[in-house]
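Worksheet: one structure, shown below.
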Amino acid sequence: MNPGPLTDLMEPTGVPAGWEAYGDERKPRMGFFTDTSVCIGCKACEVACKEWNLIPEDGRVWTGESYDNTSQLGANSWRHVAFVEQRKPLYEGASDENPLRWLMSSDVCKHCTHAACLDVCPTGSLFRTEFGTVVVQEDICNGCGYCVPACPFGVLDQRKIPSTLNVGHKPDLPPIGPLERGEKKDGRVWKCTLCYDRLKGGHEPACAKACPTKSIQFGPLDELRERADARLGKLAAEGWNAAQLYGRDPDDGVGGFGAFFLLLDDPEVYGLPPDPVVTTRDLPEMWTNMLAAAGALLGGITVLTLLGGRRK
Amino acid sequence: MPSLGTSFGRGGATTFQQDLQNADCIVIMGSNMAENHPVGFQWVMEARERGAKVLHVDPRFTRTSAMATKHVGIRAGSDIAFLGGIVNYVLQNDLYFREYVEHYTNAPVIIREEFADTEELDGLFSGWDPEQGEYDVQTWMYEGMEVHGSAGQREEGFNATKGEQSGHGGHGGGLQHGEPPAEDKTMQHPRCVFQLLKRHYQRYTPEFVAETCGCTVEEFVQVAETLAANSGRDRTSAFVYAVGWTQHTVGVQMIRCAAVVQQLLGNIGRPGGGIMALRGHASIQGSTDIPTLYNILPGYLPMPHTETYGDLEHYMQANTSPTGWWGHFRAYFVSLMKAYFGENASDENDWLFESLPRIDDDNSVYFTVEQMLKGKVKGYIIAGENPAVGHANGKAQRLGLSRLEWLVVRDVVEIESAAFWYDSPEVESGELKPEECATEIFFLPAASHTEKDGSFTNTQRLLQWHWQAVEPKEDCRSELWFYFHLGRLIKQKLEDSEDERDKLVKALRWEYPTHSGILEPSAEAVLQEVNGWEIESGKFLSGYPELKDDGSTLCGCWIYCGCFEDGINQTARKKPHWEQDSYVANQWAWAWPSNRHIIYNRASADPDGKPWSERKRYVWWDGEQGKWTGLDTPDFEETKEPHYVPPDGAAAEDAIAGGHPFIMQADGRSWLYVPQGLEDGPLPTHYEPHESPFDNPLYSQRANPRRQQNDLAEDPYNPVDGEPGTDVYPYVVTTYRLTEHHTAGGMTRSVNYLSELQPAMFCEVHPDLAAEVGLENGGWATIYTSRSAIEARVLVTDRMRPLRMKDGRTVHQVGLPYHWGKRGLVTGDSANDLAHMVLDPNVHIQEVKAFTCGIRPGRRPRGADLPRFVAELRERAHSRREQDPRVEPEEVRKTTPS
Amino acid sequence: MTEIHPLSEPDGKPPGTTSWDRSITEAGTEMRSYYGRPVIKEPVWTWEIPAYFFTGGLAGASAVLSTAAKLTGHEKLSRTSLYVGAAADIVSPALLVSDLGRPERFHHMLRVVKVTSPMNIGSWVLLVSGGASSTAALLELLGWLKPVKLAAEAVSTLAGPPLATYTGVLVADTAVPVWHDARKELPWIFGASAAASAGAAACLFLRPREAGPARRLAIAGVLAEGALMQAMELRLGTVGDVYHKGTAGKLSWAAKGLSTAGAALLLKRGRRSRAATAVGGALVCAGELCLRWAVFKAGFQSARDPSYVVESQRRRVEEQGTKATTRPEQRPAPPSHGA
Amino acid sequence: MPLAKLLESWPALRQLREGDPLGLGKAVQSPRSQSLVPRIDEAEHVVQSVCPYCAVGCGQLVYVKDGEITQIEGDPASPISRGRLCPKGQASKSYAQSPIREYKVKYRRPYGTEWEELSLEDAMEMIAERIVKTRAETWEWETEDGNPANRTMAIGNLGGATLDNEENYLIKKLMTGLGIVQVENQARI
């Protein structure tokens, strides 16, 4: 096999593999900058996403985890607003007897520069679009589920309920529950498409459009990165506590996010990995290692058989 | 909104949401804007990004607090103490905007000698009548103000403007010319309003605020300082409030107190200033302008009153102010009668005034529920509202409905108010049995906003037209269709009736063009009638100054006159904001009055008509052109010079001087002190909520003496501070809304995507309270009052801060969203089942933002155990109605004359 | 006083104290997490996958054994392994297809050739080796077209070892700590396990005197795999804890027990007793099945507990300074727009 | 499909032909993905509307196809909302198409234990009758103490805050004509 193309997976080039192939059809790389310092936790993004993409309801479980009843990204929630209550002041050194801040952050697929889900997909259902985003093709996905554990952010998941469940005007449908007998689960894997269809039509993604405070900003990635740097500088000047950009730089483990964030605390506080790495970065090494093992197996068996000598 | 009406002249927000971006400081109080008005909140965020300070003063730490530069936690219901504290701080430290106060407010006006303040009468103002339990406002008047004619008429004149009527300015101002008789420009006279204010609030020190509200002295001072530092010539601050203020027995006075603060700081009528009243419903402003309220006619014209108005002339005299725009009251009224009755209303028959129905002091919705419970109401029509969940004391509401003869419910889904007879807590407990409920019920499916044309008036007085997108399916119909055809059918039935009783309904103009297969009446035709036209020529009117009192014009709502100017639907103007010259965007839809966005905007210029500062220029006098100009439509006669002095005998608007921006007021000024129009006092005073674990630190008069209580067995009250059994209901409870749901839930618990976001009724408590009573996060709690008990999931959170009160007492507050009921995709107990029906005297709004409760772990008792459980606790608490009635301080006073 | 109903458990949520004190993880370690929720998703794979790990390994190794045996004149053994391998090769795709969320779309696996996707490459390998070995077995059975049969055997012999070992890469090429961090050992472990199972499986059908190479293979495989497992756990450190916890713990214990017992039996009595050979073979097969299952389950447990993900990454941040975050001091602050 | 064409469209070959050797992009794009068109571009007409929830007054664009709403989103032209919506406003399509929305008149007779069907026409007729009858039975020309009343206190009307101005106008006009004074709405609450 040709290790050539593999090695460039390891290079933090910041250029998404598979994107150049579009040649002149290639569009500027689009993405999200989610600025959590202005997120009011209204969840408009979650609803806008579901309305546009006709995603089935994700169940009605009250969690007791602040105002978050969505809990995590998954096949039926492509935006998830996290709510974190902390006994910390919003501004550094603010003199407050009992400091308190309420962090809110709208999580989404990161559309990684080096996307594990995309790499491991065996069918080519997951692909890199002309906008540099990563999309699951629902007409191709056969639900093998490989991308699910491959994603370092736990974004993708298999839809275990029927696709149509509680979508739109369907009075006969039951609320989310265990599958009825004979009811067929969708079985495919779903995630944020960065509204691929809307982008093709020249519209901004539904969540970004809805966001009341423009905590979710959509645009060409380079532009967003500049904006983010300026924003971080401003917050630093205003003394915001632990403000930091997450996934902004092309030299991180996934070559930078297509959808990156401004957080007000470390990533793990929001349920995000502090140092995500695209698993396929180590694939060439793994392949070589495997070939060695295979050789050893071949040799080993032969040797062991020979030990007994030829039988007449 | 009488609070804003009496203070400034009009019952609406003084500014518009986009203008919040120009504020240097925004005080959000009595509102959780980020959660309940998220998209409007973008303008607060814009301001914050420009460096404005955002202060959130609220019992809870909400999503708004999370965005604020500072949150100050106060005890629910203690807002006047806090605001009064600011007034005092501003006055004591000379932080007020002297020039503005002197010229634009009634601070210099001298009040009658007979007036006595609460500071003198231990919590009562002069004129308290213990027998009636109400005030005679005579002594509150301006010095030397001529009282309308004889004693007989005096009564007519002066009790005239009440509730929403006064919500639109003190009508019968009683001034015979534009200037108050007695003034002291130096504001030194001991009886001038300025000095009265000083004395009234002198005890509202930072320390008093801290121990009454439960915040720290530092927090309070920081708020006062920041606010004052960001007000004046070159800076402006805005106040934002919502039902966190209105839903109190002193709701109107809370807003009034903010109005006082804003007047002293010179923030009214200026960019980045004002008081932004946030209304909760798409057209709740519209439904008071064109009221579905008992006590007013369109445009805040008072309904005729059983006791007050003998005939048209009395009615006119009582409501026509000789000065200011209420000088044209007759024109407004006559034009409305022409719109209602056409040629049937004429000068000869006094425009049918004699035949109009008369109201009593209170025929409000809670009065009606009382009457239902007493079996006096037979028929009821509910259109797009859900009292069974949304109104205080849900049990009383539902039982009330169950005693009707017939009920019509119009909604998009089958709400609790339609299903109470087979699915309600009362059915569950056996107090209500379907086979014993006589109510005949018609449920009619309604059309949604996408299925009809029409206009909403939003929170900033902006009329916005929405076009129909699709046809309503099957039996779904608009309210326009329902009421039009209902009227048509009724008129048909009464066609041949000779009965005097039917004269008025037969006289109604009821011709509207209809379209489409279902005969939907044309909403635009109705809007045209609202705008009005000249009967002779049929020419559409361009504004209320064109209205005539001789019956030659027709207008369905004078303040909306101009919304169909030139026969063009002005409310349907949709010119994109990026194509408009300023952020005011006055070519988008149409704002009343006369497309003015910041009202009283003449105050954005100094007495000479020059902007107070370049930074805050908005509307100013253009010497060359000899007219007022600026970013917005001037809220002033365009060519009236800044130094215009009314000649003697000048009337109506001509009697208002060029230096007085508040053109609806009889004296053209904003009112720091309200001589008339309010039921419970000319100045806001701190009273405890009806139910409170605390006594009034200022007076032996504990709560608002004028608050409306009732004698219903279904509405018992919890004991209050100092009474036996207070310990049964030791906690303060406050109710509220969440971003994910809408009021009683009919419009959101029916939507999957919203139901899953907030799927269950829950209560918010602090870890200390949780430890105190043994509540666990994620578990269940039972919350109870004398009215009822409900269960809710427990959310333990630091956001419900316990507050340190006077003499070191700690008060815990329980937070309850009130969206849930028994119907819909997600169900739960209703917080309003716990609330009582004690009301604000001016607007008859219930106090659900602050009352008392008990809480314990576990789910509530089921079935018949529930009422038993509630009754047992009530007995233990010696609560009213079971034991001797509580003796209220004001009742004591009845026997001992003050 | 009326009794209030006792506190009832909310849906699957342990009643905590306050919501944010709830970051104690399954691992019992104190760390910051989002309400103790997983950072990455557990695999959605079901029982078919570990079963396939076993059959695939069996098929691959058996093909080699068959050829090697033929070359050394162990005709009976050769034929047995040929049939065993073919059988395993035929079961394998069935297992894989039935695990798919959309089985009818199984052929999409062959839409592309993706070197970045072990599952895709694996599909091609399985196609080749399965096709070859089953062809060979069929022709053997019918005694037709000898040259074609030989060619087919050759192909399956070459495809066998990759088939037996790529599954190690398959699981290692994920974000699951206990899998990804074991990428060095897993292909070897799976290879050894495959060898052991191939030998053991053959033992089931052979008399002691025909089973020599198979027996040796089984014993050697078990020994090798045991050593490799040790090496892996040693290198995994705390991440490897899952092999001593929950289901994975039980399974890996069973795997060791069964395969060791089987190997011992083959070693001591295998030369003489037919029964011992069969029983020993069965025990080893069972052991290998358990081993695959243990690795499979370990992945789930490792993914479920955020501490494994976060702590290993935090350690990396401290040690290697790699990270995904940027603090203000790391960027030139532009002119502040005023506080 | 002839074999040649089939091979033509086989991504495995396109990988080589289309310069996407890893098969991560263009080569594996399905025909559906290539020809994707956003729903809103297929709408027959778009209507400018206003959000029915709170009083902020956000602009909405309602997209319609085959007489059904296919999407509702913010109207960028609005100076108030600038095209943004909150979760409620964003869900107003789901509200208009709620799974539990009622489309038929329901009637419950006195002491009835369940809903019955009723035609809209009959319902309107019956309601009109009830109003006329109750009004006639309970009319008061005067209050107890002899003041003019011209009204009935036995009928009330509740609602208005979510209704259009035009609807409220007809309600107040009709009720005043009928002498029904107990007309109230959410503004009171």
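A, B, ... follow the sequence lines: proteins, then strands. Residue 1 opens every chain.
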Chain B contact via D:Glu140 - which portion, at a heavy-atom distance below 4.5 Å: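 D:Glu140 has no heavy atom closer than 4.5 Å to chain B.
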Per-residue contact mode, D:Val62 against chain B (heavy atom under 4.5 angstrom):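 Interface part for D:Val62: side chain.
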Separation between CD of D:Gln182 and CG of B:Asn363, rounded to the nearest 0.5 Å: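 D:Gln182 CD to B:Asn363 CG: 5.5 Å, rounded to 0.5 Å.
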Heavy-atom donor-acceptor pair, D:Asp164 side chain to B:Phe456 backbone, under 3.5 Å: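 Pair absent, no side-chain N/O of D:Asp164 close to backbone of B:Phe456.
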D:Arg130 side chain vs B:Trp406 backbone, donor-acceptor pair below 3.5 Å: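 No; zero donor-acceptor contacts below 3.5 Å.
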Which bit of [X] comes within less than 4.5 Å of chain D, counting heavy atoms only: side chain, backbone, both or neither?
{"X": "B:Asn36", "answer": "backbone"}
{"X": "B:Phe482", "answer": "both"}
{"X": "B:Lys376", "answer": "backbone"}
{"X": "B:Glu414", "answer": "both"}

Shortest non-hydrogen contact from [X] to [Y]?
{"X": "D:Ala187", "Y": "B:Ser287", "result": "CB-OG, 4.2 Å"}
{"X": "B:Gly824", "Y": "D:Ile100", "result": "CA-CD1, 3.7 Å"}
{"X": "D:Lys88", "Y": "B:His742", "result": "CD-CB, 3.8 Å"}
{"X": "B:Ser750", "Y": "D:Tyr95", "result": "OG-CD1, 3.7 Å"}

Contacts of D:Lys133 that satisfy side-chain contact (heavy atoms from CB on, under 4.5 Å) - sequence neighbours left out: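 Scan of D:Lys133 (side-chain contact (heavy atoms from CB on, under 4.5 Å), adjacent residues dropped) gives D:Glu137.
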Within residues 44-55 of chain D or reaching into it, pairs that qualify as side chain to side chain donor-acceptor pair (under 3.5 Å) - sequence neighbours excluded: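 Non-adjacent pairs meeting side chain to side chain donor-acceptor pair (under 3.5 Å): D:Gln48-D:Asp75.
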Salt-bridge present (B:Asp411, D:Arg101; N to O < 4.0 Å):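 A salt bridge is absent here (no side-chain N lies under 4.0 Å from a carboxylate O).
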B:Glu474 with D:Lys104: basic N within carboxylate O range, under 4.0 Å: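 Yes, B:Glu474 and D:Lys104 are salt-bridged.
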